[in-house]
Amino acid sequence: GASSSKQSLFAPFSPEKCDNPPYRTQIISKNPLVIYIANFLTDKEMKHVQEVAKDDFLRSKVAEDDGTSTLAQSRTSQSAVLTRDDTIRCIEDRALTFQGFDTKREHLECIQLVKYGTGEKYNAHTDWFEAELQKTSEMGGNRETSFFAYVAASNITGGGTNFPLLEVPRDEKWCEYIDCDEPWENGVTFRPIPGSAVFWQNIREDGSGDTSTLHAGLPVTSGLKIGMNIWTRQWPMNPEHNADYEDEDDEE
Ligand SMILES: O=C(O)CCC(=O)C(=O)O
Ligand SMILES: [Fe+2]
């Protein structure tokens, strides 16, 4: 019963009490759809999620073809699943509203924080799955969209989010969010600016995974980075299959 404590999908919740920030959006690419969202998280939310997750971080895992997940050298960060409290539901609601009217909370995986110390990284990968066992109907199908939000980046160098296959017009105006010191051939690297988020569409209209969404969490060369993954599945998830993979610490 560890997973039930992570869910509380049906507890009363008053969305009108959410303190929604006046976020600002900018389309970075139309194909694949990539949107930069400045001021997506409030200072209070960033503090809160770090506080509630602080004792829950475990080495991050990567998905395997057999439906399980394992430790890997390609991903050296630590992850923590967030319990759905009111603050986190407000963030979920914001992410759902952003995507349109008909996406229900049941499509969301439990939000996860990911923490990188010096030297830690996540090699190039896609968030969508190839393996059938990772995208069963119980799992809600594939990961339709991703938000990666930055929650903390103290005294950081490195740690950007790099999309090697994306092309963005070369213009000074992008340099506020995009690391313009990176060579042009390396694609687009978003700066880890706390409060900001990058949103993208993983799955094409025809249901196939979009290879151009390949991305990496570049090594943090100094400092600490905490990010937030908000993944929306194609269909509602069976709650029992949500975020179980990092529940080992909950077993009595
Ligand atoms: O750390 C980053 O910048 C990206 C992380 C990421 O892509 C993921 O956790 O799936
Ligand atoms: Fe990712």
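Atoms within each ligand, like the ligands themselves, are counted from 1 in listed order.
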Measure from every N or O atom of ligand 1 to the protein's N or O atoms and keep only the pairs below 3.5 Å, writing each with atom names and distance to 0.1 Å.
{"unit_1": "ligand 1", "atom_1": "1 (O)", "unit_2": "Y116", "atom_2": "OH", "d": "2.6"}
{"unit_1": "ligand 1", "atom_1": "1 (O)", "unit_2": "K225", "atom_2": "NZ", "d": "2.8"}
{"unit_1": "ligand 1", "atom_1": "3 (O)", "unit_2": "T161", "atom_2": "OG1", "d": "2.4"}
{"unit_1": "ligand 1", "atom_1": "3 (O)", "unit_2": "K225", "atom_2": "NZ", "d": "2.8"}
{"unit_1": "ligand 1", "atom_1": "7 (O)", "unit_2": "H125", "atom_2": "NE2", "d": "3.1"}
{"unit_1": "ligand 1", "atom_1": "7 (O)", "unit_2": "H215", "atom_2": "NE2", "d": "2.9"}
{"unit_1": "ligand 1", "atom_1": "9 (O)", "unit_2": "R75", "atom_2": "NH2", "d": "3.3"}
{"unit_1": "ligand 1", "atom_1": "9 (O)", "unit_2": "N229", "atom_2": "ND2", "d": "2.9"}
{"unit_1": "ligand 1", "atom_1": "10 (O)", "unit_2": "H125", "atom_2": "NE2", "d": "3.1"}
{"unit_1": "ligand 1", "atom_1": "10 (O)", "unit_2": "D127", "atom_2": "OD1", "d": "3.2"}

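Here the side chain of R233 pairs no donor or acceptor atom with the backbone of H107 at under 3.5 angstrom. Put simply, the side chain of H125 gets close to the backbone of H215: a donor and an acceptor are under 3.5 Å apart.
Residues N202 and S146 bring a donor and an acceptor atom of their side chains to less than 3.5 Å of each other. Side-chain contact check for D206 and S208: at least one donor-acceptor pair (N or O, by modelled atom type) lies under 3.5 Å.
Because its NZ or CZ atom is both nearer than 6.0 Å to the ring centre of F13 and within 45° of the ring axis, R105 counts as a cation-pi partner of that residue.
Restricting D127 to its N, O or S atoms, the one at the least distance from the Fe ion (ligand 2) is OD1.
With the Fe ion (ligand 2) as vertex, H125 NE2 and H215 NE2 subtend 90°, rounded to 10°.
Ring orientation note: the planes of F147 and F40 are close to parallel, at an angle under 30° on the 30°/60° scale. Using the six-membered ring where Trp is involved, W174 and Y177 have ring planes that are perpendicular, over 60° apart on the 30 and 60° scheme.
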